[in-house]
Q: 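After the structure tokens below, expect a handful of questions from me.
Computed from a predicted structure; not experimentally measured. In what follows, every heavy atom counts, from backbone to side chain, and hydrogens, waters and symmetry copies are set aside. Residues: numbered from 1 along the sequence shown.
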Amino acid sequence: MKLLKQNQYNQGVGKYKLLSSTAGVGSIITTKLGSYVLISDINKWKFIKWVNSRIELIRSNNTDDRKVFKLCEKEISNRGLDFINDQRFVNFIKSEKNLNNLVCLVGIPHMALDENFNTPKWTKKVNNQTLPSHPIAVALNNAGEEYKSVYSNYQVQGTHFPKWFKNDKGELKKIDEWQSLWRAECNRFPNTLKMSYFAPPRDATKYLNREISSKNEDGNLIKIREYKTLEQTNLVLICPNGHLSDIPWSNFLRWKTEKYLRNRPDEDKGENLMSNEMVGPCCSNPKLIWTESKTKSEGYGSIYIECNSCGLGSGSDKDKPKINLEGINSLEPCCIGQKPWELDIDNPTIIPYETCFVRNENNNGREKMRIALVTANNVYYANGFSSLFIPMHLAENKSKELIDALDILEKKYNKYFDRIAINRHMYWESKFDLNDFLIDNDISPLNERVFKMELESEFLDKENSIVNSDNHENYRWQEYRCFSQNSLINGLNEFNGLRFKDINLPNVLPNFFKKIQQVEELKVTNVQLDFTRVKPKERIVVNGEVKETSSSQNIFSIDPQELFTLPANETLGEGLFFEFSNEKIDSWISENINELENRFKKYLLAIPDSNSQGLSSKMKIYNNRYKHFLIHSFSHMMIRELEFSCGYPTSSLKERLYISTNPNKNMSGVLIYTAEGSEGSMGGLVSQGEPEKIFEILKRGLERSTTCSSDPLCWESDGQGIFDLNLSACFSCSLVAETACEELNLGLDRRILVDEEFGFFGNIS
């Protein structure tokens with residue numbers, strides 16, 4: 001269909017993709033029309049702005065966090081938005097991102113587009129009457145609010161990037177210049193043109209000599225003049241600190257000309273390209289022309305740029321040689337810290353920026369940018385996090401009353417401490433009264449004496465407690481402990497969204513597993529924490545200390561203390577949980593230590609080089625040793641076998657690994673569950689966990705693992721895959737869909753499962 005108006009210029013992006021590893025705030029989406037749109041930060045998303053403002057109002061009128069939470073849930077749900085109730089996840093994000101006032105998460109609305117008008121399916125016609133059809137529109141209508149023309153408030157916002165467009169004559173201008181030409185054309189033809197008809201970006205100088213029939217806002221038939229659309233450039237500058245810039249083409253033309261004429265040193269890589277003082281545009285009124293060879297056989301060498309105003313790049317004389325883009329990949333301009341995803345969409349005159357330096361121990365020197373295609377992988381890496389819903393009292397292993405009391409007491413103490421420095425013991429002895437505290441905060445413990453002892457112990461111990469340096473491991477430990485310490489959770493009341501039960505382990509499985517559980521219902525919530533460019537942010541743990549390998553950019557643009565909500569996706573699913581017997585693992589390692597050391601010595605002999613690629617994966621293998629290969633390989637074997645037995649493709653399944661050799665948080669398990677965007681909980685996966693089936697599935701998987709179409713090369717391999725982090729594991733036998741694996745399909749070896757000499761399951765019958 002032809003897009004004629006701004007409100008039709010929509011790109012369908014699934015809400016699950018918006019929080020995937022390749023899309024989200026700061027990413028560049030390729031539209032179906034071939035243009036590129038940069039996703040704006042969440043404070044430009046109108047529904048997030050509304051939620052944030054409502055929560056701010058609620059917080060200003062209420063001091064009790066429990067009441068604030070309930071009021072927010074009511075407000076957001078009445079608006080038709082999904083209120084995601086995962087307090088454990090909220091607390092984690094508050095700590096991880098220093099968002100001290102974060103209250104809740106809100107679901108990203110699903111907005112399907114109408115095929116005829118390319119606008120959201122918001123209303124429907126019934127007996128010539130317009131009625132709401134989208135769930136949000138229905139909710140707004142039920143609340144007595146306007147719903148007919150507000151669908152854009154619930155869409156994700158974006159802006160064109162790169163900002164440079166060219167027409168079929170090769171005239172290269174920024175989008176605001178093309179808009180100025182369009183505005184002048186609108187003034188010439190006020191009856192058939194409006195500024196809203198500019199999208200997708202059109203060339204006001206190229207009228208196609210025809211008018212198209214359409215309808216205006218009142219439903220009356222009108223005529224619209226049709227103009228040729230513009231073509232967007234596809235090169236950008238990216239920074240290791242996450243910044244993003246357009247190439248200043250007029251500056252580039254001047255710089256490249258001076259390089260060609262040897263007026264600049266050979267080692268000059270355009271460090272000052274972004275500076276108008278140091279390089280500057282080719283002239284005071286650049287009129288750039290972009291021409292390309294039809295064959296494009298020479299790559300960038302076949303793309304030429306010149307200025308019609310000053311003649312630079314025209315080849316008209318020896319001082320104005322022809323200039324092409326050859327060698328542009330070697331450009332390394334100093335970064336000026338631009339953040340175009342934070343542009344004010346309604347007033348995009350100034351690009352937000354920050355100071356950008358090389359972020360190392362010395363923190364000196366300006367960071368260098370590099371050229372990239374907008375579709376290149378290194379333009380964007382999202383850093384997301386997923387949470388499995390676990391009720392707070394199970395996660396903390398404390399009563400709900402104690403958790404509430406600790407939260408309130410902690411805030412009271414901190415508020416008092418801000419005025420008068422006092423330690424916890426003095427505060428408890430002289431300023432705290434339990435009876436008043438319980439009455440004021442409506443807390444009713446079963447046994448006040450025991451409750452007081454617990455509250456005192458928890459409150460005072462916090463002063464001397466050592467903060468766990470690895471919050472991620474602690475978060476997984478809470479989930480693992482929930483499965484490990486509970487045989488049955490019914491999914492009712494406070495457990496809504498979590499339901500599982502132990503199965504009776506058949507045959508010889510008790511020799512290998514402590515338990516296997518059918519997880520009949522689970523909820524997984526995903527958020528985006530931040531993003532990077534050039535290379536992904538890796539999180540590594542060395543001797544218990546957490547380090548991050550690169551700097552990242554936040555998905556929000558306001559003060560962190562003023563952020564009260566984040567967008568998220570929540571999905572329902574089902575799964576199977578396997579907890580290995582630690583005693584069996586220890587005895588297996590002890591009995592086969594010589595074979596295991598010999599096989600895995602190259603991964604375990606020395607701590608990985610801090611400058612090596614894939615450091616995060618290498619450190620996980622180094623820290624968790626043989627257990628990592630064992631449990632991860634078992635997980636992939638089961639995912640591939642479940643694909644045959646229950647009909648879910650591997651892309652619809654996902655693993656959640658619980659592996660740690662930390663003595664205080666020893667984990668040896670895996671949860672295999674239906675992944676985001678799949679059909680959810682239909683029972684097909686859980687049914688495979690029945691006692692009479694699970695052993696047969698396991699046995700078939702082990703039998704299948706003994707052979708591979710790439711054997712004997714695969715079986716005898718001493719390193720394959722990225723960074724050689726796999727042994728006997730390839731696409732034919734062990735690897736699964738990238739979305740299914742938590743560890744990039746690395747750290748796998750099927751021989752650790754089935755080898756006759758040292759395989760963990762080598763003697764299973």
Q: Have a look at Ile42 and tell me which of Asn52, Val156, Asn554, Ile555 forms a side-chain contact (heavy atoms from CB on, under 4.5 Å) with it.
A: Ile555
Q: Do Phe47 and Arg79 come close enough that some side-chain heavy atom pair is under 4.5 Å?
A: no
Q: Aromatic ring centroids of His134 and Tyr147 under 6.0 Å?
A: no
Q: Can you name the salt bridge (Lys or Arg N to Asp or Glu O under 4.0 Å) partners of Lys97, sequence neighbours left out?
A: Asp530
Q: Without hydrogens or angle criteria, can the side chains of Thr159 and Lys163 be said to hold a donor-acceptor pair below 3.5 Å?
A: yes
Q: If you count heavy atoms of other groups shown closer than 6.0 angstrom to CG of Leu488, is the number above 12?
A: yes
Q: Any side-chain donor-acceptor pair under 3.5 Å between Asp41 and Ser557?
A: yes
Q: Assess whether side chain to side chain donor-acceptor pair (under 3.5 Å) is satisfied between Asn118 and Lys32, documenting all intermediate values.
A: CA-CA 11 Å; Asn118 207 53; Lys32 63 183 180 182; 3.0 Å; yes
Q: Backbone N or O of Ala137 within a donor-acceptor pair of the Asn141 side chain at under 3.5 Å?
A: no
Q: Does NZ in Lys94 sit with more than 12 non-hydrogen atoms of other residues, nucleotides or ligands closer than 6.0 Å?
A: yes
Q: Quick one: side-chain hydrogen bond (donor to acceptor under 3.5 Å, both in side chains) partners of Ser35, sequence neighbours excluded?
A: Tyr9, Thr31
Q: Evaluate whether atom CD of Glu410 has more than 12 neighbouring non-hydrogen atoms of other residues, nucleotides or ligands under 6.0 angstrom away.
A: yes
Q: Output yes when a side-chain donor or acceptor of Gln232 lies under 3.5 Å from a complementary backbone atom of Leu230, and no otherwise.
A: no
Q: Taking the side chain from Gln517 and the backbone from Asn486, do they hold a donor-acceptor pair closer than 3.5 Å?
A: yes
Q: Whether the side chain of Glu574 engages the backbone of Glu521 through a donor-acceptor N/O pair (distance < 3.5 Å, no angle test) should be reported.
A: no
Q: What are the two closest non-hydrogen atoms of Val686 and Gln518, and how far apart are they?
A: O-NE2, 3.0 Å
Q: Taking 4.0 angstrom as the limit, do Arg88 and Glu479 come out as a salt bridge?
A: yes
Q: In terms of side-chain heavy atoms, does Gln553 have a donor or acceptor partner in Glu354 at a distance below 3.5 Å?
A: yes
Q: Which atoms form the tightest heavy-atom contact between Leu33 and Pro200, and what is the distance?
A: CD1-CG, 3.8 Å
Q: Does a side-chain N-to-carboxylate-O contact under 4.0 Å join Glu342 and Lys339?
A: yes
Q: Once salt bridge (Lys or Arg N to Asp or Glu O under 4.0 Å) is applied, do any residues pair with Arg54, and if so which ones, sequence neighbours excluded?
A: Glu75
Q: Passes side chain to side chain donor-acceptor pair (under 3.5 Å), Thr739 versus Lys654? Steps please.
A: CA-CA 7 Å; Thr739 55; Lys654 199 171 180 69; over 6 Å; no
Q: Treating Gln688 as the side-chain partner and Leu642 as the backbone partner, does any N or O pair qualify as donor plus acceptor under 3.5 Å?
A: no
Q: Find out whether the Lys NZ or Arg CZ of Arg202 is both under 6.0 angstrom from the six-membered ring centre of Trp178 and within 45° of the ring's axis.
A: no
Q: Can you find a pair of side-chain heavy atoms, one from Leu566 and one from Ile93, that are under 4.5 Å apart?
A: yes
Q: Side-chain contact test, heavy atoms from C-beta onward, threshold under 4.5 Å: evaluate it for Gln478 versus Ile390 and give yes or no.
A: no
Q: Can you tell me how far CD1 of Ile39 sits from CH2 of Trp45, rounded to the nearest 0.5 angstrom?
A: 7.5 Å
Q: Between Asn100 and Gln561, does the side-chain contact (heavy atoms from CB on, under 4.5 Å) criterion hold? Intermediate values first, please.
A: CA-CA 6 Å; Asn100 298 324; Gln561 305 310 311; 3.4 Å; yes
Q: Centres of the Tyr381 and Phe531 rings: under 6.0 Å?
A: no
Q: What donor-acceptor contacts under 3.5 angstrom involve side-chain atoms of residues 391-401, with partners at least two apart or in another chain?
A:
{"unit_1": "Lys398", "atom_1": "NZ", "unit_2": "Glu458", "atom_2": "OE1", "d": "3.4"}
{"unit_1": "Ser399", "atom_1": "OG", "unit_2": "Leu402", "atom_2": "N", "d": "3.1"}

Q: Any chance you could lay out the side chain to side chain donor-acceptor pair (under 3.5 Å) test for Tyr197 and Gln6, step after step, and finish with the verdict?
A: CA-CA 6 Å; Tyr197 301 164; Gln6 177 72 44; over 6 Å; no
Q: Excluding sequence neighbours, so at least two apart, what forms ring pair (Phe, Tyr, Trp, His ring centres under 6.0 Å) with Phe69?
A: Phe83
Q: Is there a donor-acceptor pair closer than 3.5 Å between any side-chain N or O of Ser484 and the backbone N or O of Tyr480?
A: no
Q: Verify, without hydrogens or angle tests, whether Arg499 (side chain) and Gly491 (backbone) share a donor-acceptor contact under 3.5 angstrom.
A: no
Q: How about Thr123 and Lys148: does a side-chain donor come under 3.5 Å of a side-chain acceptor?
A: no
Q: After noting the C-alpha distance and the side-chain angles of Ile175 and Phe198, does the key distance pass the side-chain contact (heavy atoms from CB on, under 4.5 Å) rule?
A: CA-CA 11 Å; Ile175 191 170; Phe198 179 65; 4.0 Å; yes
Q: Taking atom CD1 of Ile345 as the centre, report whether more than 12 heavy atoms of other residues, nucleotides or ligands fall under 6.0 Å from it.
A: yes
Q: Take the angle between the ring planes of Phe577 and Tyr658 and call it parallel below 30°, perpendicular above 60°, tilted in between.
A: perpendicular
Q: I would like to know whether Leu576 and Val519 meet side-chain contact (heavy atoms from CB on, under 4.5 Å); could you show each step before the answer?
A: CA-CA 6 Å; Leu576 296 172; Val519 186; over 6 Å; no
Q: Would a 4.5 Å heavy-atom cut-off, applied to side chains only, mark Cys104 and Glu73 as touching?
A: no
Q: What distance do Ser133 atom OG and Lys125 atom NZ have between them, rounded to the nearest 0.5 Å?
A: 12.0 Å
Q: Taking the six-membered ring for Trp and the single ring otherwise, decide whether the centroids of Phe385 and Tyr475 are under 6.0 Å apart.
A: yes
Q: Does any non-hydrogen side-chain atom of Ile28 lie less than 4.5 Å from one of Val379?
A: yes
Q: So which heavy atom on Ser27 is nearest to which on Thr22, and how close?
A: CB-O, 4.0 Å
Q: Hey, is NZ on Lys17 packed in by over 12 heavy atoms from elsewhere, all under 6.0 Å?
A: no
Q: Please determine, by modelled atom types, if Asn101 and Arg59 share a side-chain donor-acceptor pair under 3.5 angstrom.
A: yes
Q: Using the side-chain contact (heavy atoms from CB on, under 4.5 Å) rule, take Ile136 and Trp122 through it: C-alpha gap first, then chi angles, then the decisive distance, then the call.
A: CA-CA 8 Å; Ile136 296 178; Trp122 194 249; 3.7 Å; yes
Q: Under the 3.5 angstrom rule, does the side chain of Ser77 hit a backbone N or O of Lys74 as a donor-acceptor pair?
A: no
Q: Using a strict cut-off of less than 4.0 Å between a Lys/Arg side-chain nitrogen and an Asp/Glu carboxylate oxygen, indicate whether Glu742 and Arg476 qualify as a salt bridge.
A: yes
Q: Using atom types as modelled and distance alone, determine if a side-chain donor or acceptor of Ser95 lies under 3.5 Å from a backbone N or O of Phe92.
A: no
Q: State which residues pass side chain to side chain contact (heavy atoms under 4.5 Å, CB included) with Ala139; sequence neighbours excluded, sorted by chain then number.
A: none
Q: If you round to the nearest 0.5 Å, how far is NZ of Lys412 from CG of Asp407?
A: 13.0 Å
Q: For Val736 and Cys741, which heavy atoms make the closest approach, and how far apart are they?
A: CG2-CB, 4.0 Å
Q: Measure from the side-chain N and O atoms of Ser651 to the backbone N and O of Ala737, and report whether any donor-acceptor pair falls under 3.5 Å.
A: no
